[in-house]
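Letters go in sequence order (proteins before strands), and every chain restarts at 1. No experiment lies behind these values; they were computed from the predicted model shown.
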Amino acid sequence: MSNFLSAPINLAATLQSGQVFHWHQEPDASWSGLIDKMPARVSEKDRRLIIQKGDPETIAKHFALDHPLEKIVAAFPKDAMSQAALRSCQDIRIMRQPRWECTATFITSSMKQVAHIRSMSLAIRERFGQSVEGSKISAYPSFETLAASSAAALRDCGLGYRAENLLKTARILAEGGLDLDSLAKQKNPLLRQSLTKLPGVGVKVANCILLFAYERLDAVPIDTWIHRILLAMRGGRDGTATELARYARRRLGPYAGYVQQYLFHHARSLKKSISPPSP
DNA sequence: CGCCAGGGTCTCG
DNA sequence: CGAGACCATGGC
């Protein structure tokens, strides 16, 4: 896997595109974070990953440096929006995330901005996570740990009504009601159906988990941003969730999840850049 | 300060 | 099945 270290990656955009939420940038512009319980520090030079701390194999796998970006890019739709997103977000990668951590953070993500998902993630880590030597932040707590916590304690981390969902899901997993790893053999529709049995996991969050933790690169989470984009692609014609999902799958191609990620990040960076300067 | 955010769930037609 | 209400919280 470490022989992929020459593969291109847009590190900053990858880490800021709403996939993972706990990485932070150091004064020297490198990025520090945890891959499960392993501290890592990486930077980017000429679109290549420079490793300053952490096991190269683990890092290369986490950042999915083996994903065939050329093939993925070639499969992008040819419409103006997809191509604009492709140009502005070049070399973003869909990372391979730990399943529970991904499931938990996206349960907290509903009706929340990226910045607040981050603050909730950091609060949960600080309150419940194991400290890690060589890391400023703690590991994401196991579902056993969260199962033994309380809704009130999770609310203290800013989760609001999502606290009960995360607690219930942690308890289901702790009691063996579902095994995230054994789901990996299921095909997309069944996997999605299995995941949506968890409290706080609907179709959108399930698709995030499929894309980010099960490497289903054709899975398309439809949030408010992607919904608006699909609407525009359809000439303003809205539809049911099922219709839009079918449209996205057909329109965005075999790597629809990748296309979706580029569209999402591009739309958000546009919005940020055109926000009026404060007086 | 008011709007909106990587939505899920329950109810009612 | 599909539309609507409600759910807490904080960034911008």
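Inspection of the A:Arg125 and A:His22 side chains reveals an N or O donor paired with an N or O acceptor under 3.5 Å.
Among the heavy atoms of the strands lying under 4.0 Å from A:Gly158 are primed sugar atoms or P, OP1, OP2 only; no base atom is included. Base contact: A:Ser17 has a heavy atom under 4.0 Å from a base atom. If you check every strand for non-hydrogen atoms under 4.0 Å, A:Phe212 touches a base. As judged by a 4.0 angstrom heavy-atom cut-off over every strand, A:Arg118 is placed among residues making no nucleic acid contact. Within the nucleic acid shown, A:Ile107 has no heavy atom closer than 4.0 Å to any nucleic acid atom.
When each of A:Thr240 and A:Ser110 is assigned the nucleotide of DNA chain C with its nearest heavy atom, A:Thr240 is the one assigned upstream, toward the 5' end. Two residues, A:Trp225 and A:Thr196, neighbour DNA chain B, and the one matched to the more 5' nucleotide by heavy-atom proximity is A:Trp225. Heavy-atom nearest nucleotides on DNA chain C were determined for A:Ser119 and for A:Met111, and the one closer to the 5' end corresponds to A:Met111. Nearest-nucleotide positions on DNA chain B place A:Pro221 closer to the 5' end than the other of A:Lys197 and A:Pro221.
Regarding A:Arg155, its CZ atom lies at a distance of 6 Å from the P atom of C:dT9, rounded to whole Å. Note: CG (A:Leu270) to P (C:dC12) measures 17 Å, nearest angstrom. Distance A:Asp223 CG to B:dA5 P: 9 Å, rounded to the nearest Å. If you take OH of A:Tyr161 and P of B:dT9, they are 10 Å apart, rounded to a whole angstrom. In this structure, A:Leu166 atom CG and C:dA8 atom C1' are separated by 15 Å, rounded to whole Å. Here the C1' atom of nucleotide B:dG8 and the CZ atom of A:Arg192 are 16 Å apart, to the nearest Å. Following rounding to the nearest Å, A:Leu230 (CG) and B:dG6 (C1') show an atom-to-atom distance of 13 Å. Here C:dG11 presents its C1' atom at 12 Å from CD1 of A:Ile117, a figure rounded to the nearest Å.
Stacking of A:Phe264 onto the six-membered ring of B:dG6 is present: less than 5.5 angstrom between centres, less than 30° between planes.
Rounded to the nearest Å, the gap between the P atom of C:dG11 and that of B:dG8 is 22 Å. Comparing the P positions of C:dA3 and B:dG6 gives an interatomic distance of 24 Å, to the nearest angstrom. The C1' atoms of C:dG10 and B:dC1 are separated by 13 Å, rounded to the nearest whole Å.
Residues A:Glu164 and A:Arg171 are not paired through a salt bridge, judged by the lack of any N-O separation under 4.0 Å between the basic side chain and the carboxylate. Salt-bridge annotation for A:Arg99 and A:Asp36: absent, with no side-chain N of the basic residue lying under 4.0 Å from a carboxylate O of the acidic one. Using a cutoff of 4.0 Å between basic side-chain nitrogens and carboxylate oxygens, A:Glu133 and A:Lys37 are not scored as salt-bridged.
Judged by distance alone with a 3.5 Å cut-off, a donor-acceptor contact links the side chain of A:Gln261 to the base of B:dG6. Looking at A:Gln260, its side chain comes within 3.5 Å of the base of B:dG6 through a donor and an acceptor atom.
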As a quick check of understanding, evaluate side chain to side chain donor-acceptor pair (under 3.5 Å) for A:Arg41 and A:Ser30, giving each step before the final call.
CA-CA 7 Å; A:Arg41 183 165 174 172; A:Ser30 68; 2.8 Å; yes
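Taking side-chain N and O atoms only, A:Arg162 has no distance below 4.0 Å to OP1 or OP2 of B:dG6.
Checked against the 6.0 Å centroid criterion, the rings of A:Phe63 and A:Phe4 do not qualify as a close aromatic pair.
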